[in-house]
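What follows is one structure encoded as structure tokens, with my remarks underneath.
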Amino acid sequence: MLQLIFIFPDGTEKLLSVHSGENIMDVAVSNEIDGISANCRGNCACSTCHVYVEPEWLKCVGMASGMEEDILDFAPNARSESRLCCQLAMSETLDGLRLRIPDWQRWN
Ligand code: FES
């Protein structure tokens with residue numbers, strides 16, 4: 001099992017054990033992670049799965065695709081470390097990945 005950590009705006013964290021290959025948005029939804037409503041269910045069309053990748057993980061996570069960048073353009077408070085977690089799958093390389101939930105998103 002691999003470890004995935006979500007960090008909430010108040011600084012609390014949720015540690016999850018996940019399998020390699022699992023979609024991170026699916027993991028968030030099935031674990032009722034507050035702030036990941038994933039309204040389009042992974043179709044890269046809504047940005048309600050927006051997360052900030054912690055700086056030490058940016059290189060491992062890699063760059064967003066063009067389509068993902070287009071959706072992030074409409075996400076409130078998108079930053080250079082923003083990603084849509086529906087476009088990310090867990091892998092051995094991402095074991096211990098830390099993702100921060102945007103503040104505005106938590107109660108949407
Ligand atoms: Fe809609 Fe990720 S779930 S863009």
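Every heavy atom of this structure was used, including side-chain atoms; hydrogens, water molecules and symmetry mates were not. Counting convention: from 1, in listed order, for ligands and their atoms alike.
- Of the charged side-chain nitrogens involved, at least one lies within less than 4.0 Å of a carboxylate oxygen, so that Arg98 and Glu13 count as a salt-bridged pair.
- Cys49 pairs in a side chain to side chain contact (heavy atoms under 4.5 Å, CB included) with only one of the listed residues (Leu84, Val29, Asp26), which is Leu84.
- At a cut-off of 2.8 Å, Cys49 is counted among the residues with an N, O or S atom near atom 2 (Fe) of ligand 1.
- Between the CG atom of Leu97 and the CD atom of Glu54 there is a distance of 9.0 Å, given to the nearest 0.5 Å.
- Under the side chain to side chain contact (heavy atoms under 4.5 Å, CB included) test applied with Ile33, the options Val27, Leu16, Leu4 reduce to a single match, Leu16.
- Residue side and main chain included, Cys44 places no N/O/S atom under 2.8 Å of atom 1 (Fe) of ligand 1.
- Contact annotation: Cys86 places an N, O or S atom under 2.8 Å from atom 2 (Fe) of ligand 1.
- Annotation: cation-pi geometry satisfied between Arg79 and Tyr52 (NZ/CZ under 6.0 angstrom from ring centroid, within 45° of ring axis).
- With a heavy-atom cut-off of 4.0 Å, Cys85 does not touch ligand 1 at all.
- Heavy-atom proximity to Cys40, at under 4.0 Å, picks out these atoms of ligand 1: 1 (Fe), 3 (S), 4 (S).
- Remark: ligand 1 atoms within the under-4.0 Å shell around heavy atoms of Gly42 are 3 (S).
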